[in-house]
Amino acid sequence: IRKTNKELFQWAFENQYKVAISISRIPFQGQGEKIMYACNSRRAPDIARMDIGLIPKFAAGKALMALDDLGLKEFSSELLDAALDAGRVFLPGIGSRSYAVPDEFTTLALYYNKEMFTNAGLNPNKPPESWQEFIEYAKKLTKDLDADGKPEQYGFAMQITPWWSMPFLFSFDGNVLDEKTMRCKLGEKGAINALKFQVSLSTEHKIEGGAWRSGAITPAMGFKNKIYAMILNGPWNLRSFRDADLQFGVGLIPGNPSLGIRSKTNVGGNANVIFRSTKSPKLAMKFLRYLSSAKVQSIWMEELGAIPINKKAHTMALQKNTVDTELLKFMEQAEYAESRPKIPGYDKIDRIITNEVETAFSGDRTPEEAMLKACETIEDTVLKELKLN
């Protein structure tokens with residue numbers, strides 16, 4: 001960020017409220033452990049910016065302040081619903097409360113190689129809109145270039161861990177669990193059909209490049225090298241793909257018209273929390289509101305390529321020519337976003353799902369067996385423990 005914008009983010013707030021802001025940066029890896037140590041040693045900061053996946057753990061440990069009655073209600077209508085939902089946590093006996101306010105919105109959309117589309121006889125300005133159309137496109141894009149009986153170019157590549165698979169799950173009207181009833185939903189029709197579809201891309205249709213296998217070329221790297229024509233990825237790779245001199249486009253993730261679903265994606269990114277140990281909760285909340293304001297969010301979008309969580313910033317971006325087309329598509333995709341389960345212990349649920357999905361892809365279990373087993377394990381371990389507490 002240029003110095004003038006640093007002044008906007010920090011100095012302007014400091015001057016307005018006559019306060020000094022001290023910033024400490026910590027690496028993303030091991031972030032949770034470092035913050036936990038600070039809390040345990042009574043050295044927690046007033047505010048921390050953390051991965052949204054960590055928020056339930058700290059909320060359950062009573063380290064965070066609930067923001068609902070601290071001023072969030074005064075400006076929550078200005079922010080995207082999906083972004084606000086990512087900061088909520090459901091705790092047994094307490095219910096759903098807001099413990100964080102995101103300062104950016106991270107999600108997945110469909111990247112596609114326009115040059116490869118043209119070579120396959122596809123319209124380079126029209127990405128697939130449904131999963132059925134997606135399969136038809138991917139079949140044309142999967143090619144055996146040297147006639148050795150094995151494709152060197154694939155229509156699609158994917159990762160199969162839960163966060164990357166959420167768009168499939170949501171677009172088949174599935175979900176991991178019902179947070180209010182604490183009941184697993186992976187054994188239901190939507191989740192089973194979503195996994196069946198994912199597996200079929202590799203086994204039945206043979207249009208997926210095996211990027212999910214250990215040691216394989218990752219979707220992002222394969223997209224750069226023109227091995228994979230389509231991938232699901234986030235806005236953080238826009239600059240990298242441009243630097244690789246790729247002719248690419250970004251489209252909405254395909255939907256499921258038979259279920260009335262236009263498109264679905266998930267929510268990632270970071271959010272700001274306020275620790276219960278702070279001596280200035282109201283001032284900390286004013287800073288969170290400042291970071292989510294339309295003015296600050298618009299500059300973050302233009303300078304950093306971040307998707308704003310402020311609705312007015314979205315509107316302003318559509319009226320200006322300073323935001324590139326691809327980022328605008330991610331902003332549109334954000335309108336179809338849902339967040340993963342926001343409960344303590346979701347990291348355990350994530351590992352359980354990953355293990356069972358791998359059995360489906362390896363052929364050791366059918367997709368239905370894998371989802372039912374995952375649901376059973378989640379019910380007997382994580383959810384049972386939460387209900388007891």
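Reckoned from all heavy atoms, side chains included, excluding hydrogens, waters and symmetry mates. This chain uses plain numbering: 1 for the first residue, then up along the sequence. Only a predicted model underlies this, so the values are computations on that prediction, with no experimental measurement involved.
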Side chain to side chain contact (heavy atoms under 4.5 Å, CB included) evaluation trace for Glu332 with Lys329: CA-CA 5 Å; Glu332 182 183 354; Lys329 185 58 69 173; 3.0 Å; yes

Heavy-atom pair of closest approach, residues Pro344 and Pro56: N-CB, 3.6 Å

Closest non-hydrogen atom pair between Leu91 and Ala59, with its separation: CD1-O, 4.0 Å

Residue pairs passing the salt bridge (charged side-chain N to carboxylate O under 4.0 Å, His left out) test where at least one lies in residues 272-289, sequence neighbours excluded: Glu74-Arg289, Glu78-Arg289

Test: Asp146 and Lys150 ion pair at under 4.0 Å: no

Sub-4.5 Å side-chain heavy-atom contact between Phe13 and Val19: yes

All N/O donor-acceptor pairs, side-chain side in residues 240-251, below 3.5 Å, sequence neighbours left out:
| unit_1 | atom_1 | unit_2 | atom_2 | d |
| --- | --- | --- | --- | --- |
| Ser240 | OG | Lys224 | NZ | 2.7 |
| Arg242 | NH2 | Asp324 | OD1 | 3.1 |
| Arg242 | NH2 | Asp324 | OD2 | 3.0 |
| Arg242 | NH2 | Glu326 | OE1 | 3.4 |

Enclosure of Tyr17 OH (heavy-atom neighbours >12, cutoff 6.0 Å): yes

Candidate list Pro308, Pro102, Ser292, test side chain to side chain contact (heavy atoms under 4.5 Å, CB included), partner Leu79, passing option: Ser292

Lys139 side chain near Thr142 side chain, heavy-atom distance below 4.5 Å: no

Pair Glu133 + Lys126: basic N to acidic O under 4.0 Å: yes

Modelled atom types, side-chain donor and acceptor of Asp103 and Asn272, under 3.5 Å: yes

Criterion side chain to side chain contact (heavy atoms under 4.5 Å, CB included) on Tyr336 and Leu252, from CA distance to verdict: CA-CA 9 Å; Tyr336 300 93; Leu252 295 181; 4.0 Å; yes

Between Asp364 and Thr359: side-chain donor-acceptor atoms closer than 3.5 Å: no

Min side-chain heavy-atom separation Ser165-Val357 under 4.5 Å: no

Flag for Thr107-Thr265: side-chain donor and acceptor within less than 3.5 Å: yes

Exceeds 12 heavy-atom contacts within 6.0 angstrom, atom CE of Met36: yes

NZ/NE/NH1/NH2 to OD/OE distance under 4.0 Å, Lys57 and Asp347: no

Euclidean distance, Glu338 CD relative to Asp81 CG, rounded to 0.5 Å: 12.0 Å

Heavy-atom side-chain contact between Lys384 and Glu379 under 4.5 Å: no

Worked check of side chain to side chain contact (heavy atoms under 4.5 Å, CB included) between Phe223 and Asn233: CA-CA 10 Å; Phe223 188 74; Asn233 217 277; over 6 Å; no

Cationic N near anionic O, under 4.0 Å, Arg97 to Asp68: yes

Closest non-hydrogen atom pair, Ile160 against Glu358: CD1-CG, 4.3 Å

Taking every non-hydrogen atom, the tightest pair across Tyr228 and Ile217: OH-O, 2.9 Å

No-hydrogen, no-angle side-chain donor-acceptor test under 3.5 Å, Asn256 and Ser171: no

Carboxylate-amine/guanidinium contact Arg49 Glu104, below 4.0 Å: yes

Residue pair Ile349 / Leu177: nearest heavy atoms and the distance that separates them: CD1-CD2, 3.7 Å

Residue pair Glu208 / Trp212, side-chain donor-acceptor N/O under 3.5 Å: yes

Residues Glu188, Arg183; criterion salt bridge (charged side-chain N to carboxylate O under 4.0 Å, His left out); working and verdict: CA-CA 11 Å; Glu188 297 179 4; Arg183 182 175 59 85; 2.7 Å; yes

Close side-chain approach of Pro128 to Met230, heavy-atom, < 4.5 Å: yes

Exceeds 12 heavy-atom contacts within 6.0 angstrom, atom NZ of Lys140: no

Where Val273 and Ala100 come nearest, the two heavy atoms and their spacing: CG1-CB, 3.7 Å

Side-chain heavy atoms of Leu70 within contact of Leu67, under 4.5 Å: yes

Non-neighbouring partners of Phe330 that pass ring pair (Phe, Tyr, Trp, His ring centres under 6.0 Å), sequence neighbours left out: Tyr111

Pair Arg365 + Glu356: basic N to acidic O under 4.0 Å: yes

Beyond-backbone contact of Asp144 with Glu152, side-chain heavy atoms, under 4.5 angstrom: yes

Over 12 non-hydrogen atoms of neighbours within 6.0 angstrom of NZ in Lys387: yes

Parallel, tilted or perpendicular, as decided by the 30° and 60° cut-offs, for the rings of Phe168 and Phe156: perpendicular

Residue pair Leu80 / Asp85, side-chain heavy-atom distance below 4.5 Å: no

Mutual orientation of the aromatic rings belonging to Phe117 and Tyr112 [parallel < 30°, tilted 30-60°, perpendicular > 60°]: tilted

Geometric class of the Phe134/Trp131 ring pair [parallel <30°, tilted 30-60°, perpendicular >60°]: perpendicular

Polar side chain donor-acceptor pair, Gln333 to Ser263, under 3.5 angstrom: yes

Pairing of Lys342 and Glu179 as salt bridge, 4.0 angstrom limit: yes

Lys312, NZ atom: more than 12 neighbouring heavy atoms under 6.0 Å: no

